[in-house]
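Order of listing sets the numbers, starting from 1, for every ligand and every atom in it.
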Amino acid sequence: MAPLITHVYTADPSAHVFEGKLYVYPSHDIESGIESNDNGDQYDMRDYHVFSIDTLKGITSSDTAPEPPKVTDHGAVLRTQDIPWVSKQLWAPDCAYNASTKEYILYFPARDKSADGRFRIGVAVGPTPTGPFTPDPEPIPGSFSIDPACFVDDDEQAYLYFGGLWGGQLQCYQGAEDGSAFDGSKLGPQEPSSDSAPALHPKVGVLDKSMRKFASPPRDLVLLAPETGEPIISTDHARRFFEAAWMHKYNGTYYFSYSTGDTHFLAYATSDSPLGPFTYRGRILEPVLGWTTHHSVVEFEGRWWLFYHDCELSHGKNHLRNVKVREIFYDQDGNIVLEKP
Ligand code: FUB
C-alpha cells in the first residue's frame with residue numbers, strides 16, 4: 001500500500017467512522033532540526049490536521065490499491081499556540097463523539113510548562129468531526145503520559161486508554177498507577193528490567209458523562225501472559241506494552257492493541273471486559289520501515305481496516321512518517337489475520 005497522504009508527513013493514525021464517513025486523526029510530523037534521541041525529542045509536532053475518506057471500496061486486496069482512496073485534508077484544527085497549558089510536542093491524538101452533549105472531543109498528549117516538561121493529556125471540543133476545536137484551558141485532571149485512545153462502548157460508557165514508555169514518561173509513575181507520584185529521576189529511556197519484575201502496564205481511565213474528565217483515577221490495564229496467567233514480565237520486550245494503545249470490540253470481545261516499542265511489533269490482547277485483565281493473543285503487524293509503529297483498527301463499509309504508519313515517504317527518517325491502510329480479517333477463533341482466511 002502506498003502512503004495515503006503525501007503532501008504532509010503524518011503518523012499515529014486514529015481512524016473513526018463519524019456520520020457515515022471515515023475520519024483520520026494523525027500526528028503531523030515536521031522537520032524541526034532536533035537531533036534524534038531515545039527520549040523522542042525529534043518528534044516536535046506543532047499542530048493537528050484532520051483527514052476524511054468517503055470510501056475505501058477501491059482497495060481490493062490487503063496491500064494494493066488500484067484506485068488509491070481520495071483523502072481530504074481539512075487543515076490545521078489545533079495548534080500549540082492555541083493551548084494555554086502546552087509547551088511543546090503535540091503527539092498522537094484521538095477523537096470521540098459524545099452522544100449526550102453532541103460534541104466531538106479531540107484528545108491529545110503534549111508536554112506541559114513545568115520544569116521537567118511532563119506529558120499530560122488535553123481535550124479540545126468541537127461541533128463537527130473536523131472542529132473547530134476549542135481546547136480546555138487545563139489538561140484532564142489526573143492525566144499523565146501519552147497516546148490517549150478513547151473507546152465508547154455500546155452502552156455509551158467512555159474509557160480512555162493511554163501510556164507510553166521512555167519519552168512517554170510512564171516509567172516515572174512506578175508504584176502510583178493513578179499518576180499521583182512523579183519520579184523525575186526516571187525520565188528518558190528507562191523501564192524496569194528484571195525477569196521477576198512485571199512490565200509496566202498501560203493505563204485506563206473511566207470517563208465521566210462530559211468525557212472531558214475521569215470519573216475515577218486511572219488504573220493499570222493488566223496484560224497477562226497466556227502460558228502463566230501472570231502479568232507479562234519486564235524483560236519480555238517482544239510482548240510488553242510500550243505505547244500506542246488502541247481498543248476495539250469484535251463479536252463482543254474487547255481487543256486491546258499496542259506497540260512493543262523497541263521490538264517494533266503491533267501486538268494485541270483480548271478480554272471480556274474493557275477494564276481487563278487482557279490476555280496476550282499475538283501480533284497484528286511485523287516491524288515496518290522506521291522505529292515507531294502506531295495504529296488503529298476500525299470497521300468501515302462492512303470491512304475491517306488497520307491504519308498504521310511507516311517511513312516510506314521520507315526514505316526511512318524515523319520522525320518523518322506517513323499513514324497507510326490495509327484490510328485485516330478475523331479467523332474462526334477471533335484471531336486477527338492479515339490475509340482472508
Ligand atoms: O508521534 C510521537 C510518538 O511516536 C507517539 O506518541 C508514539 O506512539 C510514537 O508513534
Looking only at distances, can you tell me whether any N or O atom of D12, backbone or side chain, sits closer than 3.5 Å to an N or O atom of ligand 1?
yes

Tell me: protein heavy atom nearest atom 6 (O) of ligand 1, and distance?
D147 OD1, 2.5 Å

Using the ring-ring contact (aromatic ring centres under 6.0 Å, His included) rule, pick out the option among F108, Y107, F119 that qualifies with W91.
F119

Ligand 1 and Y43, any nitrogen or oxygen pair closer than 3.5 angstrom?
no

Kindly check if the number of other-residue, nucleotide or ligand heavy atoms within 6.0 Å of CG (D333) is above 12?
yes

For H294, take its heavy atoms, then give the atoms of ligand 1 lying under 4.0 Å from any of them.
7 (C), 8 (O), 10 (O)

Protein heavy-atom partner closest to atom 4 (O) of ligand 1 - residue, atom, separation in Å
R321 NH1, 3.3 Å

Decide whether N251 and T253 meet the rule of one side-chain donor and one side-chain acceptor closer than 3.5 Å.
no

For ligand 1, is there an atom lying under 4.0 Å from some heavy atom of M45?
yes

With a 4.0 Å cut-off on N to O distance, would you call D310 and K324 a salt bridge?
yes

Looking at A92, which atoms of ligand 1 are within less than 4.0 Å of one of its heavy atoms?
6 (O)

Closest approach of P3 to E312 (non-hydrogen atoms, all atoms of both residues)
CD-OE2, 3.8 Å

Answer yes when D153 and K249 have at least one side-chain N-carboxylate O distance shorter than 4.0 Å, and no when they do not.
yes

Looking at ligand 1, does any of its N/O atoms fall within less than 3.5 Å of an N/O of H309?
no

Just need the protein heavy atom nearest to atom 9 (C) of ligand 1, so name the residue and atom and give the distance.
E243 OE2, 3.3 Å

Without hydrogens or angle criteria, can the side chains of E191 and W166 be said to hold a donor-acceptor pair below 3.5 Å?
yes

